[in-house]
Amino acid sequence: MSQLNEAQIAEIVGRVMQRVLPQSGGSSKEPYCAPAPSNYQPGAPAIIRSSLGLGVFADLDRAVDAAHLAFAQLDGTTLEIRAKMIEAMRQICLAEVENLSHMAVQETGLGRVDHKLKKNHLATTKTPGIEILRPQAYSGDHGLMLTERAPYGVIGAITPTTNPTETIICNAIGMIAGGNAAVFNVHPGAKGVSNYLVDKLNRAIVSAGGPENLICTVAEPTIESAQALMKHPGIRLLVVTGGPGVVKAAMGSGKRTIAAGPGNPPVVVDETADLQRAAKGIVAGGSLDNCIVCVAEKEVIAVSEIADLLKKYILENGGYEVKGPHIQKLRKLVVGPDGLHPNKEWVGKDASKILEAIGIRAQADIIIVEGDEQSPFMQGELLMPVLGFTRTSTAEEAIAMAKRVEHGFGHTACMYSTNIDRLHAMARSINTSIFTKNAPTFAGLGLGGEGYTSFTIASPTGEGLTNALHFTRERRCTLVDAFRIV
Ligand code: NAD
């Protein structure tokens with residue numbers, strides 16, 4: 001076996017350190033991640049051009065094959081190009097934020113343009129890129145161990161109608177930062193704006209020196225095409241964002257799955273809380289995009305001692321309380337026959353329009369409906385700015401009720417209190433991916449709160465707010481008895 005000379009050792013150590021400390025050492029000319037193991041053989045290269053838009057394919061097989069070819073090309077590019085691609089994706093999304101927000105509301109009929117602007121901006125600017133994939137090194141008496149993050153390959157992503165463009169932006173940035181290609185099957189009710197966005201993102205990637213078709217999509221998505229994606233041999237990892245149906249289907253597919261499912265976020269307000277702050281937070285959070293966001297507050301549980309005053313402040317800050325016979329009218333209008341699911345016609349609609357439909361003319365951001373724990377406004381994820389309101393004798397009872405109405409989704413919850421022990425107790429017992437203290441739940445997405453954002457909050461599979469790290473595999477290389485530099 002030949003011995004390495006000092007110059008060769010120094011050169012290898014330099015390369016290793018460049019990877020361990022990429023922020024201080026400039027960019028490596030070598031590909032950052034090794035390709036994922038896969039036996040899938042894509043079809044002939046002639047199929048990769050689509051006339052429907054860059055990355056938009058009539059047929060799922062072609063979309064997957066094109067993504068495989070793009071992934072193979074990406075594997076040969078540098079980290080520097082990958083960073084440029086992500087920057088170009090952010091720039092095109094910033095330029096398109098207005099367009100995307102208008103198009104999404106027009107096509108889906110859900111939410112508010114002013115709030116979609118904020119959500120799209122958030123996804124564009126606060127989704128982490130390659131900087132979150134820090135290689136790690138351990139050194140000691142036995143040499144050096146290095147771990148790096150490698151891509152899976154081609155990821156299958158299924159996205160919801162509630163955050164159509166935000167989820168594509170967030171998933172695409174994270175997946176490509178991880179060195180992957182992606183094939184999307186979007187919600188059929190948002191395919192127009194989604195196809196438009198996929199074309200724009202691919203153009204940005206190509207302009208930054210990346211391959212064509214790194215993000216592919218099916219032009220006419222259906223539940224059947226989503227299920228075919230889940231079973232496709234060319235897909236290494238599934239990332240699904242939606243309700244219980246898609247989560248169950250993906251988790252039964254036999255593929256590795258990251259599943260972001262439904263929620264029913266409760267807000268607890270106790271007698272020690274700053275009630276003005278709580279009221280403003282509840283209205284701001286519960287009205288976000290007309291409450292279609294999975295993290296948005298869906299019901300309020302107030303300790304009796306302060307419930308009337310809290311309600312008064314909610315009404316002074318943009319809330320409207322529906323009372324008496326109007327409650328039954330509202331229930332008939334917006335709740336489905338099972339008492340748990342919404343009447344889809346009213347999902348994501350303005351509070352004032354909902355009020356008008358039951359004969360009330362008033363401007364409001366949210367509607368509150370007082371009832372007991374079993375009320376559908378407490379139990380169901382209604383995805384509209386109609387929040388249940390109930391009272392309990394003590395904060396402990398409120399926390400216990402919040403846990404019950406959250407149904408074990410483990411998604412999101414919130415508490416307003418100045419009692420640290422109670423905040424701590426609720427955070428621990430409700431065990432959700434996001435828990436906000438004295439702030440609207442959207443602060444937990446990094447909107448007015450610290451930290452990065454994600455629009456795929458994977459509670460069923462445990463990743464929480466997903467980012468590029470979750471879209472990569474960990475790989476270790478151990479170099480025994482050498483390569484320490486001290
Ligand atoms: P949805 O479940 O109806 O659809 C989501 C996606 O899954 C769509 O692309 C749809 O075509 C597909 N789909 C639905 N059922 C399927 C099945 N059986 N097999 C294969 N594919 C299927 O949800 P939606 O109305 O678009 O979005 C709202 C729901 O998503 C709410 O429950 C909300 O809480 C949840 N959501 C969760 C997150 C999160 O990060 N946890 C984010 C956004 C939305």
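For ligands, and for the atoms within them, numbers begin at 1 and follow the listed sequence.
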Considering non-hydrogen atoms of the protein only, which is the closest contact for atom 35 (C) of ligand 1, and what is the distance? Gly242 O, 3.3 Å

Which atoms of ligand 1 are found less than 4.0 Å from any heavy atom of Gln227? 17 (C), 18 (N), 19 (N), 20 (C)

Take a 6.0 Å sphere around CD of Glu131 and say whether it holds more than 12 heavy atoms from other residues, nucleotides or ligands. yes

Quick check on contacts: which atoms of ligand 1 are under 4.0 angstrom from a heavy atom of Val186? 9 (O)

Which of the ligand 1 atoms, numbered from 1, are nearer than 4.0 Å to a heavy atom of Gly263: 34 (O)

Please write down residue, atom name and distance for the protein heavy atom closest to atom 43 (C) of ligand 1. Asn163 ND2, 3.5 Å

Can you list the ligand 1 atoms lying under 4.0 Å from a non-hydrogen atom of Ala260? 39 (C), 40 (O), 41 (N)

Measure across Met384 and Asn343 and return the closest heavy-atom pair with its distance rounded to 0.1 Å. CE-O, 4.3 Å

Any nitrogen or oxygen of Gly261, main chain or side chain, under 3.5 Å from a nitrogen or oxygen of ligand 1? yes

I want to confirm something. Looking only at heavy atoms, which of Gly243, Ser253, Gly348 is nearest to atom 23 (O) of ligand 1? Gly243

Return the residue, atom name and 0.1 Å-rounded distance of the protein heavy atom closest to atom 44 (C) of ligand 1. Thr162 OG1, 3.6 Å

Would you kindly say whether Thr241 and Thr456 are connected by a side-chain donor-acceptor distance under 3.5 Å? yes

In ligand 1, which numbered atoms sit nearer than 4.0 Å to a non-hydrogen atom of Glu381? 31 (C), 32 (O), 33 (C), 34 (O)

For atom 40 (O) of ligand 1, what is the nearest protein heavy atom, given as residue, atom name and distance? Ile457 N, 2.7 Å

Under a 4.0 angstrom heavy-atom cut-off, which atoms of ligand 1 come close to Thr456? 40 (O)

Can you list everything that forms a side-chain contact (heavy atoms from CB on, under 4.5 Å) with Leu52? Sequence neighbours excluded, please. Ser50, Val56, Ala58, Ala219

What atoms in ligand 1 come closer than 4.0 Å to a heavy atom of Met230? 20 (C)

shortest atom 10 (C) of ligand 1-to-protein heavy-atom contact is with His187 CD2, 4.0 Å

Start with the C-alpha distance between Ser433 and Ser459, add both sets of side-chain angles, then the distance that settles side chain to side chain donor-acceptor pair (under 3.5 Å), and finish with yes or no. CA-CA 6 Å; Ser433 295; Ser459 302; 2.7 Å; yes

Under the salt bridge (Lys or Arg N to Asp or Glu O under 4.0 Å) rule, what pairs show up with a residue in residues 115-124, not counting sequence neighbours? Lys116-Asp289, Lys119-Glu166, Lys119-Asp289

Ignoring hydrogens and geometry beyond distance, is a side-chain donor-acceptor pair present between Asn213 and Asn202 at under 3.5 Å? no

Looking only at heavy atoms, the pair that brings Gly261 and Pro460 closest together is N-CD, 3.8 Å

Should the proximity of Thr159 to ligand 1, defined as any heavy atom under 4.0 Å, be assigned to the side chain, the backbone, both, or neither? backbone

Per atom 38 (C) of ligand 1, closest listed option by heavy atom (Ala250, Ser454, Cys294): Cys294

Using every non-hydrogen atom in the two residues, find where Asp270 and Leu275 come nearest and quote the distance to one decimal. O-CD2, 4.3 Å

Parallel, tilted or perpendicular, as decided by the 30° and 60° cut-offs, for the rings of His68 and Tyr40: tilted

Measure the distance from atom 25 (O) of ligand 1 to every protein heavy atom, then report the residue, atom name and distance (to 0.1 Å) of the closest one. Thr161 CG2, 3.6 Å

Closest to atom 11 (O) of ligand 1 among Ala226, Ala249, Pro188 (heavy-atom distance): Pro188

Any idea which atoms of ligand 1 are less than 4.0 Å away from a heavy-atom of His411? 39 (C), 41 (N)

Would you find more than 12 non-hydrogen atoms of other residues, nucleotides or ligands less than 6.0 Å from His407 atom NE2? yes

Salt-bridge criterion met for Glu220 and Lys191 (N-O under 4.0 Å): yes

Consider every N or O of Ile223 and every N or O of ligand 1, then say whether any pair is closer than 3.5 Å. no

